[in-house]
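As the structure is a prediction and not an experimental result, all values here were calculated from the model. In what follows, every heavy atom counts, from backbone to side chain, and hydrogens, waters and symmetry copies are set aside. The chains referred to below are lettered A, B, ... by the order of the sequence lines, with proteins before strands, and numbering in each begins at 1.
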Amino acid sequence: MVNNVLRWLVNSPWSHWINSYEWIFPAIQSVHFIGFAVSIGSIAIVDLRLLGFGMRRQAPAELAADLDRWTLLGIAMMLVTGFLMFSTDAVTYHNNPSFQFKMTCLMVALVFQFTIHRRAVRPGAGPVGAKLTAGASLLLWSTVLAAGRMIAFV
Amino acid sequence: MTEPPILEWIQNTWLSQAIREGGLPYPVIGGLHLLSIALFGGMLLFTDLRLLGWAMRDRKVSEVMLQLQPWKWLGFVVVTVTGILLVWSEPIRLYHSPSFWVKMVFFTLVGLHALAFRPAVYRDPARLDSQITGQAKLAAALSMILWAGLIVCGRLIAFDASFDQ
């Protein structure tokens with residue numbers, strides 16, 4: 001069942017399109033990189049603020065409100081380009097331990113971002129909890145990135 | 001095509017071999033390079049987006065720029081140091097990679113951009129609080145283009161013929 005879906009992805013029209021020119025894959029990968037700079041960059045600004053570094057003159061809630069749409073845009077860019085890259089070689093990725101680890105961390109990071117993290121930036125959130133949340137958020141997203149890099153080496 | 005002898009010397013240094021053949025160091029340095037792209041790129045992007053009036057519009061330009069600056073610099077230092085280490089690990093392959101040379105052109109342009117716009121834009125952001133000058137917007141737009149160019153070329157290096165194995 002899973003294998004059928006994976007094979008269908010590999011043979012999908014978009015996979016054929018990506019494979020039809022050599023430059024398309026690196027172009028998609030570049031957009032993936034820009035996407036994570038937008039999303040992880042904006043998340044890091046809020047996290048650093050929660051930790052008490054940088055942008056101290058703004059409340060975390062204000063910063064988060066400013067940056068939320070950019071975080072979402074970056075996440076959307078990452079997910080769409082990530083899905084496209086995954087499609088071209090779905091079976092291999094599916095069996096790659098780094099990829100599996102990355103997807104697990106990504107799921108945790110996304111759920112964390114929209115639940116615990118969202119609460120920690122609200123006014124009145126306890127400072128210790130907010131700092132722990134920020135640290136965990138930075139660690140989670142860094143792990144997603146590092147695991148992504150490892151896919152090519154495993 | 002032969003390469004300058006110094007590249008072979010670099011390739012034979014202990015450091016170069018250790019990164020190239022050590023197993024873990026290469027992906028770890030590559031991972032740090034990527035992480036600092038997120039940090040440096042993210043901070044740079046939001047500085048630029050503020051100058052263009054697209055993000056954090058309710059915050060003063062100077063507040064955004066000055067507060068993001070230390071992190072931008074940290075990201076820049078890490079991305080540059082890890083980049084140099086990656087070059088050090090395989091100078092001959094990179095010498096034959098066209099994308100690497102285009103990337104170095106972009107890198108030079110980043111330096112020229114900083115020199116050109118520092119006096120009017122980056123040295124004293126408080127002046128931009130009342131009105132964002134056209135020059136500042138131009139600086140922001142160019143900076144985003146250069147940064148995207150660096151990322152694209154960096155990615156393309158891995159797809160160049162000299163990297164076919």
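- Highest contact tally toward chain B, considering only A:V31, A:L48, A:L63, is held by A:L48 [criterion: heavy-atom pairs under 4.5 Å].
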Under the criterion side chain to side chain donor-acceptor pair (under 3.5 Å), I'd like the reasoning laid out for B:S16 against B:R20: C-alpha separation, chi angles, the key distance, then a yes or no. CA-CA 6 Å; B:S16 180; B:R20 195 171 58 245; 2.8 Å; yes
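- When heavy atoms are compared at a cutoff of 4.5 Å, A:I43 does not approach chain B at all.
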Could you walk me through whether B:D48 and B:K137 pass the salt bridge (charged side-chain N to carboxylate O under 4.0 Å, His left out) test, one step at a time? CA-CA 8 Å; B:D48 292 339; B:K137 287 187 180 172; over 6 Å; no
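- Most heavy-atom pairs under 4.5 Å with chain A: of the set B:L66, B:L49, B:V64, B:L44, this distinction falls to B:L49.
- Both the backbone and the side chain of B:W54 come within contact range of chain A, judged by heavy atoms closer than 4.5 Å.
- In terms of hydrophobic clustering, with Ile, Leu, Val, Met, Phe, Trp and Tyr side chains grouped at heavy-atom distances under 4.5 Å, A:I40 and B:L34 are assigned to a common cluster.
- If you measure heavy-atom distances from B:P27 to chain A, the contacts under 4.5 Å come from both the backbone and the side chain.
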So A:D89 and A:T92, side chain to side chain donor-acceptor pair (under 3.5 Å) or not? Walk me through it. CA-CA 6 Å; A:D89 206 0; A:T92 313; 2.8 Å; yes
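- Between B:L156 and B:S99 the shortest heavy-atom distance is CB-OG, 3.4 Å.
- When hydrophobic clusters are built by joining Ile, Leu, Val, Met, Phe, Trp and Tyr residues whose side-chain heavy atoms come closer than 4.5 Å, directly or via intermediates, A:M78 is not grouped with A:F112.
- Ranked by heavy-atom pairs under 4.5 Å with chain B, the first of A:S42, A:A44, A:A65 is A:S42.
- Proximity to chain A (any heavy atom under 4.5 Å) is restricted, for B:L45, to the side chain, taken from C-beta onward.
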